[in-house]
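Structure, as structure tokens:
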Number of protein chains: 2
Amino acid sequence: MLTDSVAYILQPTLEEAYNLLREGLSKKRFIIAAGLCRVEYSGRAASKLEWGERVLLIKQDNSLLLHRAKGFEAVNWQPPGSIFTVKLEGDCLIIRSYRRSHQETLNIIFKEFTLLAHLHLADEAEFEMHLSEEEMYEAIASNPDLLEPGFRILSHQRRLSAGVADFTGYDSQGRYTIIEVKRKAVDTRAVKQAYKYLSAEVKRKAVDTRAVKQAYKYLSEFKERGAAVRGIIAAPSISVEAMKLAAALGLEFKKIDLSKCRVAYQKSRKGSLLEQSGV
Amino acid sequence: MLTDSVAYILQPTLEEAYNLLREGLSKKRFIIAAGLCRVEYSGRAASKLEWGERVLLIKQDNSLLLHRAKGFEAVNWQPPGSIFTVKLEGDCLIIRSYRRSHQETLNIIFKEFTLLAHLHLADEAEFEMHLSEEEMYEAIASNPDLLEPGFRILSHQRRLSAGVADFTGYDSQGRYTIIEVKRKAVDTRAVKQAYKYLSAEVKRKAVDTRAVKQAYKYLSEFKERGAAVRGIIAAPSISVEAMKLAAALGLEFKKIDLSKCRVAYQKSRKGSLLEQSGV
DNA sequence: CCGTGGATCTCGTGA
DNA sequence: TCACGAGGTCCACGG
């Protein structure tokens, strides 16, 4: 059966499946298949999966996903840009996907299909993600009071090279302050990472492998010399252990209200849109 | 149309889709849908996606994946265990998935379906992954010569608590040696991590937040006192930067041949299988 | 091409 | 439940 946009067969023979698959692949269509198969993968690692029923998706950019009955993750896959070959061999249909960049091969051997379809997905919409670290950052940049009343931002830059803090500035008392922004709950790992950046920033030098090591040596100086410089981790929340570590490292934690961030972001965005349209 | 294992409709009306979806969900079947929809997500972050054609999978454990025409990753999703509600509202069919643990809501609003099916996937096969870190570890445990000729293993344990090295032992010269195993190419991150473990092991204490900090202070001792203790990172390869850092930290890199590992693993596995069957 | 860090990461494991 | 580390992680970005 065939319509403009979709071609499908329910319980096709292997030959029917072969023809439909070849057609779908050559036309770069979205392929959906369900059936009994086994799988071999070899590349960065290697895996085997014996006979069972699974669902296969092949996308219009040649990415491939093989899903089992349960679980969020695909059991086997191939990222975009792999090369397919399909062949009939005895009573099996073999789909081979090869990815050159990692020298990875995926073989899916089908014995029968429950369902096979290919279709074109018309989808030009833009995906909008909110509450990303980027957005949080923009919100703070346009409204430093979110950090602390009276805070003045000196520098703000997305992390281009390793070891640069998100914000530097002066607090209401005029103390030099360095800020690391995290969009989600801070754990000990995040504290350590933040500490590295903040230490590096204190010394105002690029972090190469030498500086990474040295950054850790500043720990004692940090604590002993007192708060000549404030180091702040700004995030929605922090774990108990992370808080302990932050305290030991002389870092402060500043709770950031995400909903306030969102409001500030909307405002700043509106502002820039108005600017652009020359109002 | 209906068979034992699959129920599907091509280009169903919204009411047909509604009934088939309800049936599929209540029977915990694998649902495959393609159609025109828009999406709202809100939880740890928030996202919006306007009208476009996508493919929806709902799995037998209530995990959900929404895929666009291209890209390996799902554009929106819900991990296993979420709760579904489906309703018809005006000229739309709304699928809502709510995940309590993270307070996340996903709304998919369909205007029309190109394809809708639900089926049961019979799949009891076990997924075998080879060349995992675990397997590499087993290979080395059963054949320490893979590390270095004459190496004697003192302790070997999977990392149960943070900061415990993979292997400790004595080299052919009788020097105490600590080994961190990595399955793949070592980068600077892996070196830093390894250094933490190795330092912690030297001091033979569990790494709590205090020890994490102290571990870095041992750097100078490590270097100044010379190689009273050897620290080895064992992996298939290492990047130039990672090698520099490792050298600066007084760590050695030991290339591990994965194919040799594999052979050793097969042998050790055969041995234990023979044991089990009492031969 | 490598290196670095984020992700609605997911997933397992242990405390 | 949280915390931590692995992952065939994938992905974007910079050099």
Side-chain angles (χ1 to χ4, degrees), chain A residues 41-47 63 65 70-80 99 101-106 127 129-134 158-164 181-193 196-197 207-209 212 237-242 245, chain B residues 41-47 63-66 71-82 97 99 101-106 127 129-134 158-164 181-193 196-197 206-209 212 237-242 244-245:
Chain A
Y41 156 76
S42 163
R44 285 170 293 181
S47 73
S63 50
L65 299 156
K70 295 177 182 182
F72 164 82
E73 290 176 321
V75 64
N76 282 107
W77 70 88
Q78 203 71 284
R99 197 176 159 219
S101 60
H102 290 255
Q103 298 202 47
E104 292 183 301
T105 306
L106 180 64
F127 181 65
M129 175 68 87
H130 303 290
L131 301 182
S132 65
E133 190 168 323
E134 184 61 32
R158 285 283 67 198
R159 185 160 300 114
L160 300 179
S161 60
V164 178
V181 176
K182 291 286 168 198
R183 63 168 282 281
K184 58 179 180 178
V186 171
D187 60 13
T188 54
R189 266 186 288 178
V191 173
K192 288 174 218 164
Q193 200 185 0
K196 189 180 76 179
Y197 293 138
V207 167
D208 58 2
T209 55
V212 169
S237 68
I238 187 167
S239 74
V240 174
E241 282 304 300
L245 181 56
Chain B
Y41 155 75
S42 163
R44 285 170 292 181
S47 73
S63 49
L64 179 155
L65 299 156
L66 187 72
F72 165 81
E73 290 175 322
V75 64
N76 283 106
W77 71 91
Q78 201 73 285
S82 66
S97 164
R99 189 156 72 121
S101 60
H102 290 256
Q103 298 201 51
E104 291 184 301
T105 306
L106 180 63
F127 181 66
M129 176 67 88
H130 302 290
L131 302 181
S132 65
E133 188 167 327
E134 184 61 33
R158 284 284 68 198
R159 185 160 300 113
L160 301 179
S161 60
V164 178
V181 176
K182 290 289 166 198
R183 187 182 67 73
K184 56 179 182 176
V186 171
D187 59 14
T188 55
R189 268 190 281 183
V191 173
K192 287 173 215 165
Q193 198 186 359
K196 189 181 75 179
Y197 293 137
V207 166
D208 56 4
T209 54
V212 169
S237 68
I238 189 166
S239 74
V240 174
E241 281 305 301
K244 282 185 202 164
L245 182 55

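So that the names make sense, note that chain A is the first sequence line, chain B the second, and so on, each numbered from 1.
Whole-Å rounding puts the A:Glu104 CD to D:dG8 P distance at 10 Å. To the nearest angstrom, P of C:dC9 lies 16 Å from CZ of B:Phe72. Distance A:Glu73 CD to C:dC9 C1': 9 Å, rounded to the nearest Å. Between the P atom of D:dA6 and the NE2 atom of B:His130 lies a distance of 21 Å, rounded to the nearest Å. Following rounding to the nearest Å, A:Leu245 (CG) and D:dA3 (P) show an atom-to-atom distance of 12 Å. Remark: P of C:dG5 and CD of B:Glu241 are 12 Å apart, rounded to the nearest angstrom. For A:Lys70 and C:dT10, the NZ to C1' distance is 17 Å, given to the nearest whole Å. Atom-to-atom, NZ of B:Lys192 to P of D:dC4 comes out at 18 Å; the value is rounded to the nearest Å.
The residue among B:Asp187 and B:Pro79 whose nearest nucleotide of DNA chain C is located toward the 5' end is B:Asp187. Sequence order on DNA chain C of the closest nucleotides to A:Ser101 and B:Val75 puts A:Ser101 first from the 5' end. Nearest-nucleotide mapping onto DNA chain D: of A:Ala46 and A:Ile238, the residue sitting toward the 5' end is A:Ile238. Where A:Tyr41 and A:Val186 each meet DNA chain D at their nearest nucleotide, the meeting point lying more 5' is that of A:Val186.
Evaluation of the side-chain hydrogen bond (donor to acceptor under 3.5 Å, both in side chains) rule for B:Arg99 yields B:Glu104 as partners, not counting sequence neighbours. Looking at residues two or more places apart in sequence or on another chain, you find no side-chain hydrogen bond (donor to acceptor under 3.5 Å, both in side chains) involving A:Ser239.
Between the CZ atom of B:Arg189 and the NZ atom of B:Lys192 there is a distance of 8.5 Å, given to the nearest 0.5 Å.
OP1 or OP2 of C:dG3 sits under 4.0 Å from a side-chain N or O of B:Ser239. Between B:Trp77 and C:dC9, a side-chain N or O to OP1/OP2 separation shorter than 4.0 Å is absent. Between A:Thr188 and D:dC4 there is a side-chain polar atom (N or O) within less than 4.0 angstrom of OP1 or OP2. Within the 4.0 Å cut-off from OP1 or OP2 of C:dG6, not a single side-chain nitrogen or oxygen of A:Lys184 is found. Between A:Arg44 and the phosphate of D:dG7, there is no side-chain N or O to OP1/OP2 separation shorter than 4.0 Å. Between B:Arg183 and D:dG8 there is no side-chain N or O to OP1 or OP2 distance below 4.0 Å.
C:dT8 sits 23 Å from C:dT4 when the P atoms are compared, rounded to a whole Å. For D:dC4 and D:dG8, the P atoms lie 23 Å apart once the distance is rounded to whole Å.
The side chain of A:Lys182 lies closest to C:dG6 when the candidates are C:dT10, D:dG8, C:dG6. When distances are taken from the side chain of A:Phe127 to each of C:dC11, C:dT8, D:dG8, the shortest belongs to C:dT8.
Exactly one residue among B:Leu66, B:Leu65, B:Leu106 makes a side-chain contact (heavy atoms from CB on, under 4.5 Å) with B:Trp77. That residue is B:Leu65.
When all heavy atoms are compared, the tightest approach of B:Leu64 to B:Ser97 is CD1-CB, 4.2 Å. The two residues B:Thr188 and B:Leu245 make their nearest non-hydrogen contact at O-CD2, 3.9 Å.
Not a single donor-acceptor contact under 3.5 angstrom links the side-chain atoms of B:Arg189 to the base of C:dG3.
In this structure, A:Gln78 reaches the bases: a heavy-atom distance under 4.0 Å links it to at least one base atom across the strands shown.
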